[in-house]
Amino acid sequence: MSETADRVKKIVVEHLGVEAEKVTEEASFIDDLGADSLDIVELVMAFEEEFGVEIPDDAAEKIATVKDAIDYIDSNKG
Amino acid sequence: MRRVVVTGLGLVTPLGADVETTWSNILAAKSGAGRITRFDSSDQKCHIACEVKPADHAYGFDPNKRVDHKVQRQVDPFIIYGIDAAGQAIEDAGLTDMDEATKFRAGCSIGSGIGGLPGIESESLVLAEKGPGRVSPHFVHGRLINLISGQVSIKYGLMGPNHAVVTACSTGAHSIGDAARMIKDGDADIMLAGGAEATICPIGIAGFAQARALSTAFNDQPEKASRPYDKDRDGFVMGEGAGVVVLEEYEHAKARGAKIYAEVVGYGLSGDAYHVTAPHPEGSGAYRSMEMALKKAGMTPGDIDYINAHGTSTPMGDELELGAVRRLFGNEIANVSMSSTKSAIGHLLGGAGAVETIFCILAIRDQIVPPTLNLDNPSEGTAGVDLVPHQAKKRQVRAALNNSFGFGGTNASLVVKAVD
């Protein structure tokens, strides 16, 4: 598992209060991890802080799974 | 006429995370006061408070018991305390498995005096330091006063009236009184009612200290600072926590064989129309509030055995309240016991009226009245009144009166009595 994936999963576990095993790369934030739209806003903010990236609203709207988040961060971090 | 009884209790206080622990500590004359641990208070005038203790303390509070991890992250502590106290009350009342029809007739009236002050303070700093894009999306609904009622209704599926009182330090009493009326009026059969507060944060302590409301003379002896009716009192000690009761229509409670603690028989309300922080100099608002509560209860002062006073330990407030009680009770003052449990747990602000009404109910249940701590040298105006100094006292308690008065000149009184 990549370093980015590790850090993303840690944030998801902390923010959503879910079991670490449930946070697979395929997991959907809303369908599998019990997040609502505001939780995703909060997660995106946490990713921005953690990785020093800007995730604009239109990009954030496309982040549906854990893998979507990891991929976006890996291709946009400085 | 529909009667309203109490069938469940829940408490989170500086002396315990449940009803029985808090009550036994209150009766044992313990104090919940100490140096502030939540933040560095060294630059403040006041360094003391009655904090709810952490989970690893002998009578500490564990938020994980009844509040989801995600909710804990999103909301201010007053909401966490409120959800937990409401959960305790529902469990105590045996209402954790209500059917759909019952849930439609069950509501919430849980308020707060100030709401999410620590979160407003910390997110304001985020805004100033990092900009609007870093403000939490949960900022608003994690701080709003009606979000205890909101969260509790969602958690337990309560679809009846959803209400939240905001009347400063009268909130807890108004919440119970208003909810009792909703049941009387037929709007609901069950109401979770009470109040919560958690404002032990830099802006909360500074704000009340600047208003000259807090004790500052006992920073080195925190347990001595809250001393209602004592000559050396110099302000209140901030407390925090929550109190929630289950109110239920009497026949509804009887039909399901519920344990009935007491009946809510009287509710009085008034306004001072005088000053934003100072009580009316003749205690007229306090007098009228108590008078109305007794009238509604169909009682006279001789029927009341215990008064849980507002008694915050401020120089003016204690005296004026006692003066109002004296005028209302006349000769009957000799037969009543009146104490301030704020001497033990501090002033829970919006939670106070609910927590103290629960103490009134427990006084009736156990036929014992809780003490006023630190009453070493009673003020001159207190002669001839049993203020229950230092130690709890066994005595007959048929009915009890709770007083709560708040900034803005808002007053509420509740009368509870044993069910015949």
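Convention: sequence-line order gives letters A, B, ...; per-chain numbering from 1.
Using modelled atom types, one side-chain atom of B:Lys70 and one backbone atom of A:Gly34 make a donor-acceptor pair closer than 3.5 Å.
Crowding of B:Lys155 atom NZ: a count of heavy atoms from other residues, nucleotides or ligands under 6.0 Å exceeding 12. Atom CD1 of A:Ile30 is surrounded by more than 12 heavy atoms from other residues, nucleotides or ligands within 6.0 Å. Atom CG of B:Asp43 is surrounded by more than 12 heavy atoms from other residues, nucleotides or ligands within 6.0 Å.
Taking all atoms of both residues into account, the shortest heavy-atom contact from A:Met45 to B:Pro137 is SD-CD, 3.8 Å. Considering every non-hydrogen atom in both B:Ser136 and A:Glu42, the closest pair reads OG-OE2, 4.1 Å.
If you measure heavy-atom distances from A:Ala35 to chain B, the contacts under 4.5 Å come from the backbone alone. Looking at B:Val71, there are no atoms closer than 4.5 Å to chain A (heavy atoms on both sides), in backbone or side chain.
At a threshold of 4.5 Å between non-hydrogen side-chain atoms, the residues B:Gln74 and A:Leu38 do not count as touching.
A distance of 11.5 Å separates CD of A:Glu48 from NZ of B:Lys130, quoted to the nearest 0.5 Å.
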Decide side chain to side chain contact (heavy atoms under 4.5 Å, CB included) for B:His69 and A:Leu16; before the verdict, give the C-alpha distance in whole Å, the side-chain angles of both, and the deciding distance to 0.1 Å.
CA-CA 8 Å; B:His69 173 89; A:Leu16 301 181; over 6 Å; no
